Asks: 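Got a structure for you, questions after.
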Amino acid sequence: DRRPAVGETLREARSVQRLREWTGSVVPVRPMRSGRRRSQTTFMNAVVETDLSAWSRAVSKLIEEAGRSVVAVRSEAYRVNSGVVIGPDLIAVNDHALRREGALTVHLPNGERTSATILGRDPSVDVAILKTEANTLTAVTPEPDDELRPGAFAVVVGRTLDAGLSASTGILGAVSGPKRTWRAGTLERFLRLDANVYPSQNGAAVVSATGRFIGMANAALLRHSAVAVPLATLLRVSGELAREGRIRKGYIGVGLQPVRIPEHLRKKQMAGETGLMVISVEPSSPAEQAGLQLGNVLARRGGHHVAEL
């Protein structure tokens, strides 16, 4: 045996430091005994095992704590989905998962059961809000918006009747501003979720590495990927349902079709490449009262180019 060279010790130290930065854990490292040298492979294996064990325990604790705001909702006789607590007596779930009306059974994190009714639905963002008899539920704590970035660690935390908490891990694949859904709804933020969303996890909580709420898991809202429906959208829907009893949708009373605008008209009308041509007008509608006619082309709305429906 020989004493390790200075360069070898520094390389080991740098590797340990990089590993600690990646795992976010602090693990004490035994100093090398004088006159003897542990092999670098054995040394690193011990550090990796220790750091990954600490990381594993941290993730398990994170899931357990996040589960305090996650419930199981029996939507059908043999179908259970997850739900997220957004208020003392309010639960958000995926609208497409609720295939029945009337009273529902909700299984709480403490093992108890309670009844819930559907406060309302907004199919455009695939959100339904349940109001429970229990009014002491623990609501989620949101992750600050400035912490949401592509590549951020994300954990999907759901709940089942037989296994209790269920989880899958991944990352946020994309983060951007407001996003229109194919159902003509709007998400306050687009949070693409690169993680497995199992059937029972539809409506599950997506939490960050700090355990704070990112959004509600949904694998059916967009056609190309799973998303996390942000808390701002859930609160907007629940607030409007509480005030109005329904989701109000704008109504113009026209049928529209995208058309290309000739180049010589774009400069004249300060229009974009495409507009919307009126192909039908409903009788006595706001559009008819405003004087819209068949063949009219809408080029701008609110000072912005009209590019899509």
Side-chain angles (χ1 to χ4, degrees), residues 18 20-26 54-71 82-94 109 122 124-129 136-159 165-181 185-197 201-219 221-222 225-242:
R18 285 196 295 270
R20 286 173 172 169
E21 291 174 354
W22 181 74
T23 60
S25 60
V26 178
W55 180 81
S56 178
R57 289 191 297 271
V59 173
S60 296
K61 183 178 180 181
L62 180 152
I63 293 169
E64 181 180 353
E65 292 180 352
R68 298 173 183 173
S69 300
V70 178
V71 302
S82 300
V84 175
V85 179
I86 60 173
D89 59 349
L90 296 178
I91 296 172
V93 297
N94 287 346
D122 186 357
S124 68
V125 290
D126 199 20
V127 171
I129 304 298
T136 58
L137 303 180
T138 302
V140 295
T141 301
E143 177 79 356
D145 286 345
D146 57 1
E147 295 294 331
L148 302 178
R149 303 183 183 92
F153 183 65
V155 184
V156 181
V157 182
R159 186 175 295 278
L165 289 176
S166 67
S168 57
T169 60
I171 62 170
L172 291 180
V175 177
S176 65
K179 173 77 172 180
R180 293 277 291 177
T181 71
T186 301
L187 299 174
E188 270 66 7
R189 294 198 78 183
F190 173 56
L191 304 170
R192 194 186 78 202
L193 183 61
D194 286 359
N196 282 332
V197 178
Q201 291 176 337
N202 270 297
V206 181
V207 299
S208 67
T210 62
R212 294 176 178 172
F213 184 71
I214 295 175
M216 181 175 69
N218 190 306
L221 182 57
L222 298 184
S225 67
V227 296
V229 179
L231 182 61
T233 301
L234 303 180
L235 295 179
R236 171 176 59 81
V237 172
S238 65
E240 187 168 350
L241 288 173

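Everything quoted here is computed from the prediction, not taken from an experiment. Heavy-atom basis, side chains included; hydrogens, waters and symmetry copies ignored.
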Asks: Evaluate the side chain to side chain contact (heavy atoms under 4.5 Å, CB included) criterion for residues Thr169 and Val155: first the C-alpha distance (whole Å), next the side-chain angles of each, then the deciding distance (0.1 Å), finally the verdict.
Replies: CA-CA 5 Å; Thr169 60; Val155 184; 4.2 Å; yes
Asks: Hey, what do you get for CE (Met216) to CG (Asn218), rounding to the nearest 0.5 Å?
Replies: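 Between Met216 CE and Asn218 CG, I get 6.5 Å after rounding to 0.5 Å.
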Asks: Measuring only between side-chain heavy atoms, which start at C-beta, is Leu148 closer than 4.5 Å to Ile214?
Replies: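 They are in contact (side-chain heavy atoms under 4.5 Å apart), so the answer is yes.
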Asks: Can you tell me how far apart CD (Glu65) and OG (Ser60) are? Round to the nearest 0.5 Å.
Replies: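 That separation rounds to 11.5 Å.
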Asks: Any chance you could measure Ser82, atom OG, to Gln201, atom CD, to the nearest 0.5 Å?
Replies: 6.5 Å
Asks: Heavy-atom distance under 4.5 Å between the side chains of Leu193 and Val227, does that happen here?
Replies: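 Side chain of Leu193 against side chain of Val227, heavy atoms only: no contact under 4.5 Å found.
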Asks: To the nearest 0.5 angstrom, please state how far the CG atom of Leu241 sits from the CG atom of Asp122.
Replies: 7.5 Å
Asks: Any luck finding a side-chain donor-acceptor pair between Asn94 and Asp126 under 3.5 Å?
Replies: no
Asks: Does the side chain of Phe213 reach to within under 4.5 Å of the side chain of Val206, using non-hydrogen atoms?
Replies: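 They are not in contact (no side-chain heavy atoms under 4.5 Å apart), so the answer is no.
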Asks: Measure the CG-OG distance between Leu191 and Ser225 for me, rounded to the nearest 0.5 Å.
Replies: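 That separation rounds to 10.5 Å.
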Asks: Testing the 3.5 Å rule here: is there a donor-acceptor pair between the side chains of Thr210 and Glu143?
Replies: yes
Asks: Between Leu90 and Val85, is there a side-chain heavy-atom distance shorter than 4.5 Å?
Replies: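 No, their side chains stay 4.5 Å or more apart.
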Asks: Without hydrogens or angle criteria, can the side chains of Glu188 and Thr233 be said to hold a donor-acceptor pair below 3.5 Å?
Replies: yes
